[in-house]
Q: 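Below are the structure tokens for one structure; questions will follow.
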Amino acid sequence: MKVYRDNDQDAGLDMDETSIDEGLFGINLHRAGVNNISLQVDKWSAGCQVLADPCDFDLLMALAKKSASMYGPSFSYTLLTEEQL
């Protein structure tokens, strides 16, 4: 996987091709909180996909478990921006 690194650590998007890093990374998909909808991700993400609403996360996990029971323990995941829908 290829990722952009925030080398100057200013929390801004630096789409500089010299900052691309390639390798195996622990990029996860998780919820921001257990009980409440989060209004801010802040530094919890560190490159992960973060769901603000724990109910959305529960739904995703239910779908993943159903998929695993039907097709096996892996699935594809595609992240789109709202404009791409």
Side-chain angles (χ1 to χ4, degrees):
M1 173 174 280
K2 294 181 181 182
V3 299
Y4 284 99
R5 292 287 186 189
D6 186 15
N7 290 331
D8 59 9
Q9 298 184 353
D10 66 350
L13 291 175
D14 302 318
M15 305 303 274
D16 178 4
E17 290 190 22
T18 63
S19 71
I20 293 176
D21 193 6
E22 186 172 358
L24 299 174
F25 305 101
I27 299 173
N28 301 305
L29 173 60
H30 59 84
R31 64 179 177 231
V34 176
N35 300 311
N36 301 312
I37 295 175
S38 177
L39 300 178
Q40 180 177 342
V41 172
D42 201 25
K43 295 181 181 181
W44 299 336
S45 171
C48 299
Q49 306 294 298
V50 181
L51 296 172
D53 189 334
C55 293
D56 290 340
F57 181 78
D58 292 343
L59 175 60
L60 178 65
M61 291 296 98
L63 290 170
K65 289 175 183 175
K66 183 173 183 176
S67 174
S69 71
M70 296 172 67
Y71 306 111
S74 59
F75 61 93
S76 295
Y77 171 78
T78 303
L79 177 67
L80 302 172
T81 64
E82 187 173 1
E83 293 81 24
Q84 292 172 308
L85 297 176

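Keep in mind that the numbers below use all heavy atoms, side chains included, and drop hydrogens, waters and symmetry copies.
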Q: Give me the atom names and distance for the closest heavy-atom approach of Ser38 to Ala32.
A: CB-CB, 3.4 Å
Q: Nearest 0.5 Å please: distance from the CG atom of Asp56 over to the CZ atom of Arg31.
A: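 With rounding to 0.5 Å, CG (Asp56) is 12.0 Å from CZ (Arg31).
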Q: For atom CG of Leu39, decide whether the heavy atoms of other residues, nucleotides or ligands shown that lie under 6.0 angstrom number more than 12.
A: no
Q: Kindly work out whether a path of hydrophobic side-chain contacts (I/L/V/M/F/W/Y, heavy atoms less than 4.5 Å apart) joins Leu60 to Val34.
A: no
Q: Tell me, please, which residues at least two apart from Phe75 pass side chain to side chain contact (heavy atoms under 4.5 Å, CB included).
A: Ala64, Ser67, Tyr77
Q: Go through the structure and list residues passing salt bridge (charged side-chain N to carboxylate O under 4.0 Å, His left out) with Asp53, not counting sequence neighbours.
A: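 Asp53 satisfies salt bridge (charged side-chain N to carboxylate O under 4.0 Å, His left out) with no other residue.
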Q: Within the structure provided, determine whether His30 and Val50 are in side-chain contact (heavy-atom separation under 4.5 Å).
A: yes
Q: If you take all heavy atoms of Leu29 and Phe57, which pair is closest and at what distance?
A: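 Here Leu29 and Phe57 meet closest at O-CE1, 4.0 Å.
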Q: Restricting to side chain to side chain contact (heavy atoms under 4.5 Å, CB included), what partner residues turn up for Lys2, sequence neighbours left out?
A: Ile20, Glu22
Q: With a 6.0 Å cut-off (strictly less than), is the heavy-atom count around CG of Leu24, excluding the residue itself, greater than 12?
A: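 At most 12 heavy atoms, drawn from other residues, nucleotides or ligands, come within 6.0 Å of this atom.
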